[in-house]
Amino acid sequence: MRLLHTADWHLGRTLEGRSRLEEQQQFLDELVQIAEEERVDAIIMAGDVFDTVNPPAAAEQMFYDGMARLSDRGRRPVIAIAGNHDHPDRLAASSPLSGNLGITLVGLPTTQLYSYGIERTQEKLNICALPYPSESRLKEVLSDTGEELHLRNQYDNWVRQYFNRMTEWFDPQAVNIAMSHLYVAGSNESDSERPVHIGGAYTVAAETLPQKAQYVALGHLHRPQNVKRAKTAARYSGSPLSYSFSEAGHTKSVTIVDLAPGKEASIREIPLTCGHPLMVYHANGVADVHQWLDEVCPSKAWVDLSITVKDSIAMEDIQAIRKAHKGIIHIKPAFEGTREQETSVQKNLPIDELFKTFYERQTGGGVPDENVLSLFLELISDEDEERSAAE
C-alpha cells in the first residue's frame, strides 16, 4: 500500500502580519493533486494542523474542505493528530461528522489502535497514533522534582512504555506503523530553532521510537529529515511552507511511503511547488536594492532586506523600496564597517545575550531583569517551536 505523510501545516499562520492563507490553499490543492497522481491509499497528518489553539474561521473552513477532498469523500482513509499548536478537543470535535467521510481526528492520547482496510491492496493498515503528549494533556505529573533532566527521563520512559504497550497489538499479517508529534533528540532544526532548545524536557531518544513499527511518521520539526539512530524507518515530513526567514531557500516536501506486511518501508520525497519563496538579501546601498529587485527577486517573494549605508536610510528611499515590491517584510540598515564585525560577533552569541544587547540599545542602557529575560525566552521558545521546530 502507498501512504502519504505530511505534517505541520500551521493553517492560519501569518508572516509578520501578512496573511499566508492563499499559499496554504495552494498547498492543499497541490496535496490533493499529489494524492491522486500517486494513487495514495491513505494519508497521515502528524500534527500542528493549525497555528494556534483558536484558529481563524477561514483556516478551519480550509482544513475541513481540504480533508474532505483528501479523503475522496470517504474512499481514502485520512488520519490527523493534534500537535502542540492544536487544541486537542477542538480538533477532534467534528469527529462524529468526519468519521462518516473516513477521516479520523485524534486530539488526545488514547489506548486505541486505529485500523483501516485498504481496498486496492486488500491489506489491513494498523496505526498507533500518539498526539502531542505533554503533562497537561496526559493529565499526569511525570516528575515532581522540578529538575529538567529528571522530567526528560520520565517523559522518554512514558513514551517508550506507551509505544511498547500499543505495538503489542500489531498484526504481522498487516501493515503496522506509528505516528506522533514529538521532538526526537539529535534531529536537525532550522536556523531559527537553534538558539533555544526546542525540545526541552519533552524530548525523546531516537531509540525510543517503536522498532515494531514498519514506519514512524513524525511531526514537529519543519525540516524534512529521516531520524538517525532510530531502530526502524522514522521521518519528519517537514512543513509545507517556509514559516521563518531561517528557512529561506529550503525545499519543502511531502513523503510517500510504500509498505507491505512484514516488509521494510520504501520512502520517497516529493518536492512541493506551492507558496512564495522567502529571500534574505544584503544590499550594498539603495541602488543595489532596486537592481536586485528588478533583475533577481521574484515578484511574489517575501523579502528580508538589509542595506549597507553610511547613514540612516532616508524615508523616501524606504517608501520607494516598499512601492517597488509588495513582499518586503523588513528593511534594516547595516552601517559601513559594522555589519561584518557585528555578524562575526553575534552569530556565536546565545539568544539571551543577543536579547540583552537589543534591550540595552532600545532602552538607552537598561538591563533586563530575570523575569523579563525568562518571559522572552519562553516566548521565543514557543515561536520557534511552531516555525521550524518542534517546538
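Using a 4.5 Å heavy-atom threshold, the side chains of Cys128 and Trp169 count as separate. A heavy-atom distance below 4.5 Å is found between the side chains of Phe245 and Ile329. Using a 4.5 Å heavy-atom cutoff, the side chains of Leu3 and Leu125 are in contact. Side-chain atoms of Tyr243 and Leu15, non-hydrogen and from C-beta on, never get closer than 4.5 Å to each other. The shortest distance between side-chain heavy atoms of Thr232 and Pro210 does not fall below 4.5 Å. Under the 4.5 Å side-chain criterion, counting only non-hydrogen atoms from C-beta, Leu278 is not in contact with Asp304. Residues Pro224 and Arg235 meet the side-chain proximity criterion, which asks for heavy atoms closer than 4.5 Å. In this structure, Leu130 and Phe163 have side chains that are in contact, with non-hydrogen atoms separated by less than 4.5 Å.
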Assess whether side chain to side chain contact (heavy atoms under 4.5 Å, CB included) is satisfied between Asn84 and Ser134, documenting all intermediate values. CA-CA 8 Å; Asn84 57 302; Ser134 63; over 6 Å; no
Using side-chain hydrogen bond (donor to acceptor under 3.5 Å, both in side chains), reason through Asp288 and Tyr281 one step at a time and then give a plain yes or no. CA-CA 10 Å; Asp288 183 29; Tyr281 187 65; 3.0 Å; yes
Check step by step if side chain to side chain contact (heavy atoms under 4.5 Å, CB included) holds for Ile307 and Ile313. CA-CA 8 Å; Ile307 309 172; Ile313 307 171; 3.8 Å; yes
Please lay out, stage by stage, how Ser237 and Val254 fare under the test side chain to side chain contact (heavy atoms under 4.5 Å, CB included). CA-CA 6 Å; Ser237 65; Val254 295; 5.8 Å; no
After noting the C-alpha distance and the side-chain angles of Asn284 and Thr308, does the key distance pass the side-chain hydrogen bond (donor to acceptor under 3.5 Å, both in side chains) rule? CA-CA 5 Å; Asn284 186 20; Thr308 300; 4.9 Å; no
Please evaluate residues Ile34 and Leu272 with respect to the criterion side chain to side chain contact (heavy atoms under 4.5 Å, CB included), reporting the C-alpha separation (whole Å), side-chain torsions for both, the decisive distance (0.1 Å), and the verdict. CA-CA 9 Å; Ile34 291 171; Leu272 296 169; 3.8 Å; yes
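By the ring pair (Phe, Tyr, Trp, His ring centres under 6.0 Å) test, Tyr162 pairs with Trp158, sequence neighbours left out.
Checked by atom type and distance alone, the side chain of Gln26 never pairs as donor or acceptor with a backbone atom of Cys274 at under 3.5 Å. In this structure a side-chain-to-backbone donor-acceptor pair under 3.5 Å is missing from Arg75 to Arg73. Here the side chain of Glu295 pairs no donor or acceptor atom with the backbone of Trp292 at under 3.5 angstrom. Of the possible donor and acceptor atoms, one in the side chain of Gln214 sits under 3.5 Å from a partner among the backbone N and O of Asn176. Not a single donor-acceptor pair under 3.5 Å links the side chain of His85 to the backbone N or O of Asp8. With hydrogens and angles ignored, the 3.5 Å screen pairs a side-chain donor or acceptor of Glu30 with a backbone N or O of Thr273. Using modelled atom types, no side-chain atom of Gln24 and backbone atom of Pro240 make a donor-acceptor pair closer than 3.5 Å. Judged purely by atom type and a 3.5 angstrom limit, Asp86 uses its side chain to pair as donor or acceptor with the backbone of Phe50. Gln173 contributes no side-chain N or O that, together with a main-chain N or O of Pro261, makes up a donor-acceptor pair within less than 3.5 Å. Put simply, the side chain of Arg322 gets close to the backbone of Ile328: a donor and an acceptor are under 3.5 Å apart.
Here the closest non-hydrogen pair linking His5 and Tyr236 is CE1-C, 4.2 Å. When every heavy atom of Ile44 is checked against every heavy atom of Ala217, the shortest pair comes out as CG2-CB, 4.0 Å. Shown here for Leu241 and Gly275, the closest heavy-atom pair between the two residues is CD2-CA, 3.7 Å. Heavy-atom minimum distance, Tyr215 versus Ile267: CE1-CD1, 3.6 Å. Taking all atoms of both residues into account, the shortest heavy-atom contact from Ser98 to Leu105 is OG-CD1, 3.8 Å. For His181 against Ala82, the heavy-atom pair with the smallest separation is CB-O, 4.1 Å.
With rounding to the nearest 0.5 angstrom, the CG atom of Leu21 is 9.5 Å from the OG1 atom of Thr14. We find the CD-CG distance between Glu123 and Asp171 to be 11.5 Å, quoted to the nearest 0.5 Å. Distance check, rounded to the nearest 0.5 Å: NE2 of His325 to NE2 of His290 gives 12.5 Å. Taking CZ of Arg39 as the reference point, atom CG of Leu4 lies at 15.0 Å (rounded to 0.5 Å). The OG1 atom of Thr6 sits 9.0 Å away from the CD1 atom of Ile43 when rounded to the nearest 0.5 Å. Considering NZ of Lys231 and CG of Leu209, their distance stands at 10.0 Å, rounded to 0.5 Å.
Of the charged side-chain nitrogens involved, none lies within less than 4.0 Å of a carboxylate oxygen, so that Asp41 and Arg2 do not count as a salt-bridged pair. Salt bridge status for Asp156 with Arg152: absent, with no side-chain N to carboxylate O gap under 4.0 Å. Remark: Arg76 engages Glu36 in a salt bridge, criterion side-chain N to carboxylate O under 4.0 Å. Of the charged side-chain nitrogens involved, at least one lies within less than 4.0 Å of a carboxylate oxygen, so that Lys212 and Glu168 count as a salt-bridged pair. Remark: Lys252 engages Glu247 in a salt bridge, criterion side-chain N to carboxylate O under 4.0 Å.
If you chain together hydrophobic residues whose side chains sit under 4.5 Å apart, Ile127 and Ile81 fall into the same group. Under the 4.5 Å side-chain heavy-atom criterion for ILVMFWY residues, no single connected hydrophobic cluster contains both Val257 and Phe170. Put simply, Ile79 and Leu218 are part of two different groups of oily side chains (I, L, V, M, F, W, Y) that touch within less than 4.5 Å, one to the next. Under the 4.5 Å side-chain heavy-atom criterion for Ile, Leu, Val, Met, Phe, Trp and Tyr, Val106 and Met166 are members of distinct hydrophobic clusters. Residues Met45 and Leu182 are members of separate hydrophobic clusters, defined by side-chain heavy-atom contacts under 4.5 angstrom among Ile, Leu, Val, Met, Phe, Trp and Tyr.
By the 30° and 60° cut-offs, the orientation of the rings of Tyr155 relative to Tyr202 is tilted.
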When the side chains of residues 54-64 are checked against the rest of the protein, which donor-acceptor pairs come out under 3.5 Å, sequence neighbours left out?
| from | atom 1 | to | atom 2 | distance (Å) |
| --- | --- | --- | --- | --- |
| Asn54 | OD1 | Arg90 | NH1 | 2.6 |
| Glu60 | OE1 | Arg90 | NH2 | 3.1 |
| Glu60 | OE2 | Arg90 | NE | 3.0 |
| Glu60 | OE2 | Arg90 | NH2 | 3.2 |

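More than 12 heavy atoms of other shown residues, nucleotides or ligands fall within 6.0 angstrom of atom NZ in Lys332. Within 6.0 Å of atom CD in Glu264, 12 or fewer heavy atoms from other residues, nucleotides or ligands are found, so the atom counts as exposed in its surroundings.
Using modelled atom types and a 3.5 Å distance limit, the side chains of Asp29 and Gln25 yield a donor-acceptor pair.
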